[in-house]
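What's counted below: heavy atoms across the whole structure, side chains too, no hydrogens, waters or symmetry copies. Fair warning: this is a prediction, and the values are worked out from it, not measured in the lab.
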Amino acid sequence: TQGTIISSLEYAIYNGYASQVIGATNNWWGSVDGPGNPVYAGNRVSSYVAYEPWSQSASVPGDPSSVTGIELKTDATYATALSTNPDILDRLFIELVGVDSDAANANTTSVTITNSGSISALLSETGVNTGIYRGYCRIVGNGSNNDSYDFINAAIGNTITVSRGGQQDTAVVGAGAAWKESSTLAGSPEVIGSSITITTGSTLTIEPGVSVKLSGNGTQFIINNGATLSAIGTGAKNIIFTAATANPVPASWNSIVIYTSAATFSYCQVKYAIYGIQVLNNNITPSITYSTISNNSNIGIYIYNASPTVDNCTIQYNTLEYGIYMYYQNVTMTGATMTNNTIRYNGDGTDWDSGIYIYFSKDTWNGTQYNMGTTTITGNTVSNNNRNGIAINMYGYGYTGLNNYASVTVSNNTISNNNMYGARFYINGYNTSYYSRMIVSFNNNNISGHTASGAVGVYSYTSSTDSRSWMYIT
């Protein structure tokens, strides 16, 4: 930290170990815009390097002999004093004015930022002997990120104090942050070096044109239950969630993780993660529309016991498993809605790899009947996936009686040129004490082009040992 790293031919810092992120904050990278990736103009760093914040100049340590003022600013232009509450996930821009003790160099100094605890944040002098020092930290929700000193943990309503040399400024934390498209650090891109959380009660609005770049395959973008996210781009200005690396590959970061119904993604791109988007809380109903989820290593969209709407999206080139995977287990719910999507080139050919895969399961002997609702798959183009187009699997064990019930509507889809099965349906009961029932309404679908050896347009089968388990395809 606090160094100068420039004139490197390939990488200023290269880290090939995904399990260990290198801390490299508050360095000068040869540009006020930070290291290149090519996100910014400075020297390039690899994935798994946490470099935010960076120094604004090639400064050397040298505290001012006295401090005459500290003021919080609205953005990275440092032109306007902060007059409204900063919010969780905002940057807190800091300007210190003092008497320079080293007239020959541009120097660095630090300020103390206190809330329930305290951290130090590095400021860089704007030039030789100016006596003006600038820098920032990011505000995060309590406990959501405490991995380096450029983050200050705070809750809504907390007072944050920035101080040095008898001078200070304060701000009260609000609940509604907004990330804007901008060429300055006030907005896009937002570079996240470790997992970040929109906490319960907080709101984040991401505006059209913003890029959110995440580094490290453990890094998640998390929307907690009770939080609100609005990520609504436009056709001309998508919001992009991607890797903070020059040459991204699948699994460069982990996932967007949704635990709330109040999450809206529209005209977004989500790429180069392990799981593009995960929807993980029982019966939540987030919305994902007009978005592209592509080039993720395992799954485009993973849904566990949730009922999201996915409409007019392109889900493609998710390499190892599924375009969309819906896993419903031991839950009574309404069911997800998948409409008007293009789902193609997903999976690596393993048995259940599919454009769309639904797995209904019960794995407890509690005697409870679970009505798993109606999942709707309508108007989609499902093509060129490397095993199954649409696959539905109901399986499990349980106590005596009806333990699983679900219905699926599959209608008006074009299902073509998938490697083995266009549509594949399977139901199984564990033994005579367990039985399950599924109704598939399968109408007006156009199925063609499944020509590999053993390929089948529509394939249904059961291996239940109890005749009371059944699947109706109507």
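Between Thr260 and Asn224, the closest side-chain pair of non-hydrogen atoms is not below 4.5 Å. Under the 4.5 Å side-chain criterion, counting only non-hydrogen atoms from C-beta, Asn445 is not in contact with Asn412. Side chains of Tyr259 and Ile223 form no contact here, defined as non-hydrogen atoms less than 4.5 Å apart. For the pair Ile358/Thr375, a side-chain contact is recorded, criterion being any heavy-atom separation below 4.5 Å from C-beta on. Residues Phe442 and Tyr472 are not in side-chain contact: their nearest non-hydrogen atoms beyond the backbone lie 4.5 Å or more apart. Looking at heavy atoms from C-beta onward, Met438 lies in side-chain contact with Phe360 at the 4.5 angstrom threshold. Between Tyr359 and Tyr325 the shortest side-chain heavy-atom distance falls below 4.5 Å. Within the 4.5 Å cutoff, no side-chain heavy atoms of Asn418 are placed close to those of Asn384.
In this structure, the ring of Phe241 has its center less than 6.0 angstrom from the ring center of Phe221. Aromatic rings of Tyr461 and Phe425 (six-membered ring for Trp) have centroids beyond the 6.0 Å cut-off, not under it.
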(request) Start with the C-alpha distance between Trp352 and Arg424, add both sets of side-chain angles, then the distance that settles side chain to side chain contact (heavy atoms under 4.5 Å, CB included), and finish with yes or no. (result) CA-CA 9 Å; Trp352 285 102; Arg424 180 181 179 185; 3.6 Å; yes

(request) Please step through side chain to side chain contact (heavy atoms under 4.5 Å, CB included) for the pair Thr374 and Val408, ending with a clear verdict. (result) CA-CA 5 Å; Thr374 299; Val408 183; over 6 Å; no

(request) Would you sort out whether Thr350 and Asp348 count as a side chain to side chain contact (heavy atoms under 4.5 Å, CB included), showing the intermediate values? (result) CA-CA 6 Å; Thr350 305; Asp348 67 356; 2.9 Å; yes

(request) Mind running side chain to side chain contact (heavy atoms under 4.5 Å, CB included) on Ile284 and Ile258 for me, showing each step along the way? (result) CA-CA 9 Å; Ile284 60 172; Ile258 304 172; 4.2 Å; yes

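Within the cation-pi definition used here (under 6.0 Å to the ring centroid, within 45° of the axis), Arg91 qualifies as a partner of Tyr136.
Ser230 and Thr264 share no donor-acceptor pair across their side chains, judged by distance under 3.5 Å alone.
The number of heavy-atom neighbours closer than 6.0 Å to OH of Tyr304, taken from other residues, nucleotides and ligands shown, is above 12. Within 6.0 Å of atom OH in Tyr275, 12 or fewer heavy atoms from other residues, nucleotides or ligands are found, so the atom counts as exposed in its surroundings.
Checked by atom type and distance alone, the side chain of Asn380 pairs as donor or acceptor with a backbone atom of Met338 at under 3.5 Å. Using modelled atom types, no side-chain atom of Ser118 and backbone atom of Ile113 make a donor-acceptor pair closer than 3.5 Å. Distance alone, capped at 3.5 Å, is enough to place a donor-acceptor pair between the Ser252 side chain and the Val249 backbone. Thr199 contributes no side-chain N or O that, together with a main-chain N or O of Ser202, makes up a donor-acceptor pair within less than 3.5 Å. A donor-acceptor pair is defined here as one N or O able to donate and one able to accept, closer than 3.5 Å; no such pair exists between the side chain of Thr228 and the backbone of Thr203. Between the side chain of Asn296 and the backbone N or O of Asn318, no donor-acceptor pair lies under 3.5 Å. No donor-acceptor pair closer than 3.5 Å links the side chain of Asn254 to the backbone N or O of Ala273. Checked by atom type and distance alone, the side chain of Asn413 pairs as donor or acceptor with a backbone atom of Ile377 at under 3.5 Å.
Of all non-hydrogen atoms in Met420 and His450, the two that sit nearest each other are O-CB, 4.2 Å. Of all the heavy atoms in Thr74 and Phe93, the pair that sits closest is O-CD1, 3.9 Å.
A side-chain contact (heavy atoms from CB on, under 4.5 Å) with Cys313 holds for exactly one of Val270, Asn341, Ile277, Thr292; it is Asn341. Test Thr378, Thr376, Asn443 against Ser411 for side-chain hydrogen bond (donor to acceptor under 3.5 Å, both in side chains) and you get one pass: Thr378.
We find the CG-CG distance between Leu204 and Leu229 to be 5.5 Å, quoted to the nearest 0.5 Å.
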